[in-house]
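Taking it in order: structure first as structure tokens, then the write-up.
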Amino acid sequence: MTAADLVLDARATVAECPTWDPGRQALWWVDIPAGRVHRFSPATGEDVSFTAGEAVGAVAVRHGGGLLLATATGIVACAADGSGRTVLHAVSPPGGRFNDGKADPWGRFWAGTLVSGTRGAGTLYRLDPDGALRALVTGVSVSNGLGWSPDGRTFYYADSPTGGVDAFDHDPETGALAHRRRLIDIERGRPDGLTVDAEGFVWVALWEGGAVQRYSPDGRLTRTVEIPARKVTSCAFGGPGLGTLYVTTARVGLSETELREQPHAGAIFSVPAEAPGQAPGVYTQETEGPAAST
């Protein structure tokens with residue numbers, strides 16, 4: 001059995017949205033309730049961060065060197081150090097916030113919302129290169145993991161309380177979705193973040209499940225990797241050749257006894273993968289503004 005290695009004992013409340021940056025050879029990630037955006041260098045062990053000023057659910061690399069943030073109040077563009085912030089879209093569902101998000105291989109950015117304690121009040125959005133924000137999936141409870149098949153024809157999506165991962169037909173040219181169906185039923189915890197490797201297998205982080213699992217494109221479980229933290233939040237490929245799976249975790253809501261049993265809850269772990277990941281997406285706005293500068 002492959003073991004997960006501790007790479008950063010971050011002690012984050014809710015570490016989420018790991019995103020590999022090939023140019024910097026670094027892993028971006030966020031601590032949601034702390035409102036902090038981190039950049040971790042596996043080569044040096046350095047982890048630096050800035051505050052978003054509010055809860056931040058996702059980070060994505062922006063063409064030109066800057067970032068996109070999906071926050072409690074909307075989608076924000078900023079420089080890589082957090083300066084020069086520009087609100088692109090103010091989206092603030094009452095009592096809610098943006099949660100997980102990701103740039104796709106075609107220059108778009110996808111992110112969804114949740115409203116605490118209210119099922120079905122969230123929405124999955126797509127920010128297109130022309131700057132338009134479009135609602136794609138409504139009636140969402142906790143918008144979470146998302147990813148695409150290597151050929152771009154299938155989109156995978158986890159609305160966590162549903163207990164599974166759904167697949168959609170996806171048009172790479174337009175980003176349109178159709179034919180939603182259940183692909184994976186999770187029997188261990190709930191599905192959180194996810195990623196798709198170069199062979200088209202879907203890796204799912206298991207909140208309250210203490211593991212990441214790999215599923216075939218037809219939904220068969222092929223591998224389980226135990227993580228020494230019960231609340232596993234997300235995963236992403238990075239490192240040389242995109243051959244390492246980085247896994248984020250949380251410590252929110254754990255008792256003192258549970259924290260003693262899980263001393264590295266809130267840390268980032270790594271897992272060697274039998275197949276590399278796909279090249280990470282970058283949001284590419286048609287007309288770059290000053291917030292995209294480094």
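Hydrogens, waters and symmetry mates are skipped; everything else that's a heavy atom, side chains included, is used. None of the values given here were measured: they were computed from a predicted structure.
When all heavy atoms of P33 and T13 are compared, the pair lying nearest together is CG-CG2, 3.5 Å. Taking each heavy atom of V225 and V271 in turn, the nearest pair found is CG1-CG2, 3.8 Å. Taking each heavy atom of W28 and A80 in turn, the nearest pair found is CH2-O, 3.4 Å. Annotation for I32 and N99: closest pair CD1-OD1, 3.8 Å, computed over non-hydrogen atoms. Here the closest non-hydrogen pair linking L127 and G131 is CD1-O, 3.5 Å. Minimum heavy-atom separation, G193 to S234: CA-OG, 3.6 Å.
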Between E274 and R214, does the salt bridge (charged side-chain N to carboxylate O under 4.0 Å, His left out) criterion hold? Intermediate values first, please. CA-CA 11 Å; E274 58 265 47; R214 185 182 192 237; 3.2 Å; yes

Could you please spell out the steps behind the side-chain contact (heavy atoms from CB on, under 4.5 Å) verdict for E261 and L254? CA-CA 10 Å; E261 296 169 346; L254 296 180; over 6 Å; no

Run the salt bridge (charged side-chain N to carboxylate O under 4.0 Å, His left out) test on R188 and E226 for me, step by step, so that the C-alpha distance in whole Å, both residues' side-chain angles and the decisive distance to 0.1 Å come before the verdict. CA-CA 12 Å; R188 177 173 173 171; E226 304 291 335; 2.5 Å; yes

I'd like to know whether R190 forms a side-chain contact (heavy atoms from CB on, under 4.5 Å) with N144, so could you lay out the CA-CA distance, the side-chain angles of the two residues, the decisive distance to 0.1 Å, and finally the verdict. CA-CA 11 Å; R190 295 193 299 179; N144 244 314; over 6 Å; no

Pair I75, L68 - check side-chain contact (heavy atoms from CB on, under 4.5 Å), show working. CA-CA 7 Å; I75 297 178; L68 280 184; 4.2 Å; yes

Test log, rule side-chain contact (heavy atoms from CB on, under 4.5 Å), inputs T123 and T138: CA-CA 5 Å; T123 301; T138 58; 4.2 Å; yes

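A salt bridge does not link D81 with R39: none of the charged nitrogens is closer than 4.0 Å to a carboxylate oxygen. Between K231 and E258, no side-chain nitrogen of the basic residue sits less than 4.0 Å from a carboxylate oxygen of the acidic one, so the salt-bridge criterion is not met.
Within the 3.5 Å criterion, the main-chain N or O of P276 finds no donor-acceptor partner in the side chain of D197. Not one N or O on the side chain of H170 forms a donor-acceptor pair closer than 3.5 Å with the backbone of Y156. Judged purely by atom type and a 3.5 angstrom limit, Q25 uses its side chain to pair as donor or acceptor with the backbone of P22. Without hydrogens or angle criteria, T195 side chain to W203 main chain gives no donor-acceptor distance under 3.5 Å.
One distance of note links CG of L146 with CG of D166; it measures 12.5 Å at 0.5 Å rounding. Remark: Q278 CD to D104 CG distance equals 11.0 Å, nearest 0.5 Å. Annotation: the span from L221 atom CG to Y215 atom OH amounts to 4.5 Å, rounded to 0.5 Å. Atom CG in L124 sits 7.5 Å away from atom CZ in F168 (nearest 0.5 Å). Distance check: F269 CZ to D9 CG gives 7.5 Å after rounding to the nearest 0.5 Å. Separating the CG atom in D218 from the CG atom in L183 is a distance of 7.5 Å, to the nearest 0.5 Å.
The aromatic rings of W148 and F155 sit tilted, their planes meeting at an angle between 30° and 60°. Ring geometry for Y246 against W20 counts as parallel: the plane angle stays under 30°, on a 0 to 90° scale with 60° as the upper cut.
Screening D47, T233, T19 for a side-chain hydrogen bond (donor to acceptor under 3.5 Å, both in side chains) with W29, the sole residue that qualifies is D47.
Counting heavy-atom neighbours within 6.0 Å of R182 CZ, excluding the residue itself, gives a total above 12. Within 6.0 Å of CD on E199 lie more than 12 heavy atoms contributed by other residues, nucleotides or ligands.
Side-chain atoms of T113 and Y125 include no donor-acceptor pair closer than 3.5 Å.
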